[in-house]
2 protein chains.
Amino acid sequence: MATKNKKMKMMTLDQMKDKDIGKVGTPERDKYEFDLRMEVLGDMIKSVRKERKLTQEQLGELIGVQKSQISKLERNTKNVTIETILKVFRALKANVRFSVEMNESEFKVA
Amino acid sequence: MATKNKKMKMMTLDQMKDKDIGKVGTPERDKYEFDLRMEVLGDMIKSVRKERKLTQEQLGELIGVQKSQISKLERNTKNVTIETILKVFRALKANVRFSVEMNESEFKVA
DNA sequence: CCAAAAGTTTCTATATAATTCAACTTTTTT
DNA sequence: AAAAAAGTTGAATTATATAGAAACTTTTGG
């Protein structure tokens with residue numbers, strides 16, 4: 001099994017921001033792109049919230065939920081509904097976009 | 001209120017495929033990008049399923065659910081979990097990706 | 001036009017996501 | 001090093017997404 005604790009995940013995200021995305025201020029810096037995997041979703045929320053300089057409590061107020069709920073969304077993220085994702089990122093003034101990519105070759109009808 | 005029935009939504013999608021995305025066979029044709037909005041999610045599933053020439057029943061078999069469930073995902077899409085989205089598109093051999101975009105200017109801390 | 005196939009709907013059950021509250025732990029500030 | 005602020009956790013509750021079955025409607029092909 002690969003190293004998989006929370007610290008490690010956060011590190012990876014932070015490294016990404018600095019190394020892959022570019023310096024703060026550049027337009028590139030303000031667009032993050034991740035694969036949609038539930039394991040990182042929580043980190044995405046946390047990362048954007050931090051960028052916005054908000055506490056969990058403040059973000060909670062924007063949405064109308066308790067800070068404990070935000071905490072759970074940021075950590076326990078096993079499965080979440082789209083509505084929740086949208087609600088959170090809307091409050092963070094972040095656009096969420098969703099792409100579906102299909103390559104002909106990959107599909108063989110049985 | 002804008003015209004908002006199902007027929008219209010499907011039309012829009014189909015038009016998109018032909019006009020905006022390009023001819024079948026080109027690599028561009030096989031990548032769709034949407035804002036993450038729940039209203040279109042069902043249409044996305046339907047659209048990709050059709051592309052794969054599958055019936056709801058066949059798609060259901062791939063995933064392990066009844067055709068009625070697929071129907072619901074395609075129409076009633078009010079809210080869905082990420083897991084479900086991934087499950088469906090994985091069965092359709094489509095890559096799903098998810099990006100978060102934030103522009104500095106849009107956010108004013110109150 | 002009829003039959004078969006495909007898709008939809010309703011009813012119902014079950015699992016689990018969303019949420020709160022309060023106590024607790026960790027981090028930050030002074 | 002205390003106090004305050006921020007974040008986490010667990011238990012309990014509520015809301016709702018997932019799902020199947022069966023009856024129904026619409027579409028398609030002969």
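Here is the naming used below: chain letters follow the sequence lines, and residue numbers restart at 1 for every chain.
A distance-only check finds no donor-acceptor pair linking the side chain of Q69(B) to the backbone of Q66(B) [under 3.5 Å]. A donor-acceptor pair is defined here as one N or O able to donate and one able to accept, closer than 3.5 Å; such a pair exists between the side chain of R52(B) and the backbone of L92(B). Proximity of a side-chain donor or acceptor of R49(B) to a complementary backbone N or O of Q58(B) within less than 3.5 Å is not detected.
When side chains are defined from C-beta on, F89(B) counts as touching V100(A), because their heavy atoms get closer than 4.5 Å. Residues F98(B) and I85(A) are in side-chain contact: their nearest non-hydrogen atoms beyond the backbone lie under 4.5 Å apart.
When the nearest nucleotides of DNA chain C are assigned to K72(B) and V80(A) by heavy-atom distance, the more 5′-ward of the two goes with K72(B). Comparing S68(B) and E74(A), the nucleotide of DNA chain D nearest to each residue sits closer to the 5' end for E74(A).
Within 4.0 Å of G60(B), counting heavy atoms only, lies no atom of the nucleic acid at all. Contact annotation for T81(B): backbone-only contact, meaning every heavy-atom pair under 4.0 Å involves sugar-phosphate atoms and none involves a base. Contact annotation for Q56(B): base contact, defined as any heavy-atom pair under 4.0 Å involving a base atom. Using a 4.0 Å heavy-atom distance criterion, T55(A) is classed as a sugar-phosphate-only contact.
Scored by the side chain to side chain contact (heavy atoms under 4.5 Å, CB included) test, E83(A) finds T81(A), M38(B), N79(B) as partners (sequence neighbours excluded).
Under 4.0 angstrom from either OP1 or OP2 of dT9(D) there lies at least one side-chain N or O belonging to R75(A). Look at Q69(A) and you'll find a side-chain N or O under 4.0 angstrom from OP1 or OP2 of dT19(C). The side chain of K46(A) contributes no N or O atom lying less than 4.0 Å from OP1 or OP2 of dA6(D). Taking 4.0 angstrom as the limit, R49(A) places a side-chain polar atom (N or O) nearer than this to OP1 or OP2 of dG7(D).
For the helix from dC1(C)-dG30(D) to dT30(C)-dA1(D), the axis fitted to the five pairs at one end and the axis fitted to the five pairs at the other end meet at an angle of 60° (nearest 10 degrees).
Here L41(A) contributes atom CG and E74(A) contributes atom CD; the two are 11.0 Å apart, rounded to the nearest 0.5 Å.
The side chain of S71(A) has dT8(D) as its nearest neighbour among dT8(C), dT8(D), dA11(D).
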